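Since this is a predicted model, take the numbers as computed values, not measurements. The figures here come from the full heavy-atom set of this structure, side chains too, leaving out hydrogens, waters and symmetry mates. Numbers here simply count residues along the sequence, with the first being 1.
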Amino acid sequence: MKPRLRHHFEHELQQFREAETRGDLASAWTSLERAHILSQAHAGPHIRVHCAMFTFAWRTRNPRELLGQIPRLLLAGPGSLLGRAPLGNTGGANVGIFTPMPIPEDLQALLRDA
């Protein structure tokens with residue numbers, strides 16, 4: 001992961017932690033989704049986001065999301081390594097594992113440069 005992309009990825013994870021701490025669960029989840037989009041082409045960071053999604057689902061007692069993250073945890077690494085991660089996919093159980101999605105404009109430039 002190039003340094004600029006890594007910086008924005010880490011920033012989204014920091015935003016997630018801060019939002020969760022203040023009880024803003026919707027913003028916390030949005031930051032995880034954005035971190036997911038930035039991480040998809042990189043196996044380690046991609047798995048890291050799914051781990052964060054899994055633990056967030058555990059802490060918020062969300063069984064649907066918790067169960068939905070299990071196959072994503074198993075497929076994230078191979079999907080990234082093989083270039084099969086669907087671009088723009090936000091990574092949650094509310095979307096199909098292989099469904100590509102539109103990428104927010106502010107993230108498009110970061111991904112183009114990466």
Side-chain angles (χ1 to χ4, degrees):
M1 189 176 261
K2 289 187 177 181
R4 183 168 182 250
L5 183 59
R6 169 73 67 179
H7 169 77
H8 287 280
F9 169 74
E10 294 294 342
H11 176 74
E12 290 296 342
L13 292 179
Q14 181 63 34
Q15 293 293 106
F16 153 68
R17 289 187 290 275
E18 290 173 6
E20 184 181 17
T21 298
R22 65 177 185 270
D24 186 353
L25 303 183
S27 292
W29 186 256
T30 297
S31 291
L32 280 177
E33 290 177 324
R34 290 171 56 81
H36 181 267
I37 292 167
L38 295 175
S39 73
Q40 287 179 291
H42 308 278
H46 192 182
I47 293 168
R48 185 174 162 200
V49 172
H50 282 294
C51 286
M53 289 178 160
F54 182 87
T55 58
F56 183 71
W58 177 266
R59 287 192 300 271
T60 57
R61 294 173 173 75
N62 184 337
R64 182 176 183 273
E65 190 63 46
L66 191 67
L67 291 173
Q69 287 303 316
I70 294 170
R72 287 162 174 81
L73 279 165
L74 297 172
L75 295 171
S80 292
L81 292 172
L82 298 172
R84 301 287 309 243
L87 294 178
N89 186 290
T90 54
N94 62 328
V95 297
I97 292 177
F98 302 110
T99 305
M101 300 172 73
I103 299 172
E105 285 186 34
D106 64 318
L107 300 184
Q108 286 179 22
L110 291 170
L111 293 171
R112 257 193 311 271
D113 293 343

### Message
Looking at Gln69, is its backbone amide N or carbonyl O close enough to the side chain of His50 to form a donor-acceptor pair, meaning the two atoms are under 3.5 Å apart?
### Response
no
### Message
For Arg22, give me all partners under salt bridge (Lys or Arg N to Asp or Glu O under 4.0 Å), at least two apart in sequence or on another chain.
### Response
Asp24
#### Entry: Those residues that, when tested against Glu10, pass salt bridge (Lys or Arg N to Asp or Glu O under 4.0 Å) (two or more places apart)
Arg6, Arg48
### Task
Not counting sequence neighbours, list each pair that qualifies as a side chain to side chain donor-acceptor pair (under 3.5 Å) and has a residue in residues 90-106.
Arg34-Asp106
### Query
What residues, two or more places apart in sequence or in another chain, satisfy side chain to side chain contact (heavy atoms under 4.5 Å, CB included) together with Ser31?
Glu12, Gln15, Phe16
### Query
Who else is in the cluster with Phe98 when I, L, V, M, F, W and Y are joined by side-chain contacts under 4.5 Å?
Leu75, Ile97
### Message
Could you report the tightest heavy-atom contact between Phe54 and Ile70, atom names first, then the distance?
### Response
CE1-CG1, 4.0 Å
#### Entry: Val95: hydrophobic cluster co-members (side-chain, 4.5 Å)
Met101
## Note on the structure
By side-chain hydrogen bond (donor to acceptor under 3.5 Å, both in side chains), Arg64 pairs with (sequence neighbours left out) none
### Message
In this structure, would Met53 and Leu67 fall into the same cluster of hydrophobic residues linked by side-chain contacts under 4.5 Å?
### Response
no
### Task
Report the residues that fulfil side chain to side chain contact (heavy atoms under 4.5 Å, CB included) with Ile103, sequence neighbours left out, ordered by chain and then residue number.
Ile37, Leu87, Leu107, Gln108, Leu111
### Query
What's the shortest heavy-atom distance between Pro100 and Pro86, and which atoms?
N-CB, 3.7 Å
### Query
Residues two or more places apart in sequence or in another chain: which of them pass side chain to side chain contact (heavy atoms under 4.5 Å, CB included) with Thr55?
Arg59
### Query
For the atom pair CH2 (Trp58) and CD (Glu65), what is the distance rounded to the nearest 0.5 Å?
14.5 Å
#### Entry: Phe56 vs Asn62 side-chain heavy atoms within contact, under 4.5 Å
no
### Message
How close do Ala19 and Ala28 get, counting heavy atoms only, and between which atoms?
### Response
CB-N, 3.5 Å
### Task
To the nearest 0.5 Å, tell me how far His11 NE2 sits from His7 NE2.
7.0 Å
Tabulate below the donor-acceptor pairs under 3.5 Å that side-chain atoms of residues 77-85 make, not counting sequence neighbours, or state none.
unit_1: Ser80; atom_1: OG; unit_2: Gln40; atom_2: O; d: 2.6
unit_1: Ser80; atom_1: OG; unit_2: His46; atom_2: ND1; d: 2.6
unit_1: Ser80; atom_1: OG; unit_2: Ala76; atom_2: O; d: 3.2

### Query
How far apart are the closest heavy atoms of Phe9 and Ser39, and which atoms are they?
CE1-CB, 3.7 Å
### salt bridge (Lys or Arg N to Asp or Glu O under 4.0 Å) against Arg4, all qualifying residues, sequence neighbours excluded
Asp113
### Task
With sequence neighbours excluded, give me every salt bridge (charged side-chain N to carboxylate O under 4.0 Å, His left out) pair touching residues 67-83.
none
### Separation between CD of Glu33 and CG of Asn89, rounded to the nearest 0.5 Å
9.5 Å
### Message
Are Ile47 and Met1 linked, directly or through intermediate hydrophobic residues, by side-chain heavy-atom contacts shorter than 4.5 Å (ILVMFWY only)?
### Response
no
